[in-house]
Amino acid sequence: RKEVEQDPGPFNVPEGATVAFNCTYSNSASQSFFWYRQDCRKEPKLLMSVYSSGNEDGRFTAQLNRASQYISLLIRDSKLSDSATYLCVVYTGTASKLTFGTGTRLQVTL
Amino acid sequence: NAGVTQTPKFRVLKTGQSMTLLCAQDMNHEYMYWYRQDPGMGLRLIHYSVGEGTTAKGEVPDGYNVSRLKKQNFLLGLESAAPSQTSVYFCASSRRESGEQFFGPGTRLTVL
């Protein structure tokens, strides 16, 4: 079983739609969780951290369920510019233990 | 601030050739990392450094060496390139040990 698993997609949604991605992780000792965004042929960039209480940043909402070991990202009112691959990232407390999922691709269309 | 920069952006090597990838950061970060990204796989850590003069192996270190002689620079070397090392290489840095890392633009390496 992969340490971090994501549905690769692609998720094709129209502009204005709400879309949600899930990610599951296998290591119950994982401490911190993040969503990164990666545009085609570009570097990953931190989108947001994921806190136990859930957190929101504009149109983006991230949630963590430790009991079920999954993380979610909700994007409301999708924009064309949201088209990218979203990477789920799990940190287990050492410099060498940042595990990246393979990413979920989102394509927002007119 | 330039953030994290990488040189070169692209490179084509023949099997057995050697090369060095350079990563530089101007954010005074202690931690630096080298990853490779292959289709269908998440980013995988090759080597990392927790400070000037220190390096450590990551998940896939074989065939690579690194050096961190200056805090702002982290070099990745391939002594004898193999086709399996065809990949996109990303350097990253962080202020502290955490999941919040800043990435460079990547180096696309092809080994023929």
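Throughout, a chain's letter reflects where its sequence line sits, starting with A, and its residues are numbered from 1. Below, each value reflects all heavy atoms present in this structure, side chains not excepted, and no hydrogens, waters or symmetry copies.
- Taking Gly42(B), Ala92(B), Pro39(B) one by one and counting their heavy-atom pairs under 4.5 Å with chain A, the maximum is reached by Gly42(B).
- Chain B forms the most heavy-atom pairs under 4.5 Å with one residue out of Gly101(A), Pro8(A), Pro44(A), and that residue is Pro44(A).
- Of the inter-residue distances, the one linking Phe102(B) atom CZ with Leu46(A) atom CG reads 7.5 Å to the nearest 0.5 angstrom.
- Gln37(B) and Gln38(A) share a side-chain donor-acceptor pair at under 3.5 Å.
- By the rule that hydrophobic residues join a cluster once side-chain heavy atoms approach within less than 4.5 Å of another member, Ile71(A) and Leu47(A) end up as members of one cluster.
- In the displayed structure, Arg68(B) atom CZ is contacted under 6.0 Å by more than 12 heavy atoms of other residues, nucleotides or ligands.
- Hydrophobic clustering, with ILVMFWY side chains joined whenever heavy atoms are under 4.5 angstrom apart, keeps Leu76(B) apart from Val4(B).
- Phe103(B) and Tyr31(B) fall within a single hydrophobic cluster, where Ile, Leu, Val, Met, Phe, Trp and Tyr are joined by side-chain heavy atoms under 4.5 Å apart, directly or via other members.
- Contacts of Lys45(A) with chain B are absent, with no heavy-atom separation under 4.5 Å from either backbone or side chain.
- Both Val50(A) and Val90(A) are members of a single hydrophobic cluster when ILVMFWY side chains are connected at heavy-atom separations under 4.5 Å.
- Contacts of Ser49(A) with chain B are made by side-chain atoms alone, with heavy-atom separations under 4.5 Å and no backbone atom involved.
- Options Arg108(B), Arg44(B), Met41(B) differ in how many heavy-atom pairs under 4.5 Å they form with chain A, and the most are formed by Arg108(B).
- More than 12 non-hydrogen atoms from other residues, nucleotides or ligands lie less than 6.0 angstrom from CD of Glu15(A).
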Begin from the C-alpha positions of Tyr35(B) and Leu98(A) and carry the test side chain to side chain contact (heavy atoms under 4.5 Å, CB included) through to its verdict. CA-CA 11 Å; Tyr35(B) 293 91; Leu98(A) 189 67; 3.7 Å; yes

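- No more than 12 heavy atoms of other residues, nucleotides or ligands sit less than 6.0 Å from atom CZ of Arg95(B).
- Heavy atoms of Phe33(A) lying under 4.5 Å from chain B are absent altogether.
- For the pair Phe34(A) and Glu100(B), the tightest heavy-atom approach, listed with the atom from each and the gap, is CE2-CG, 3.5 Å.
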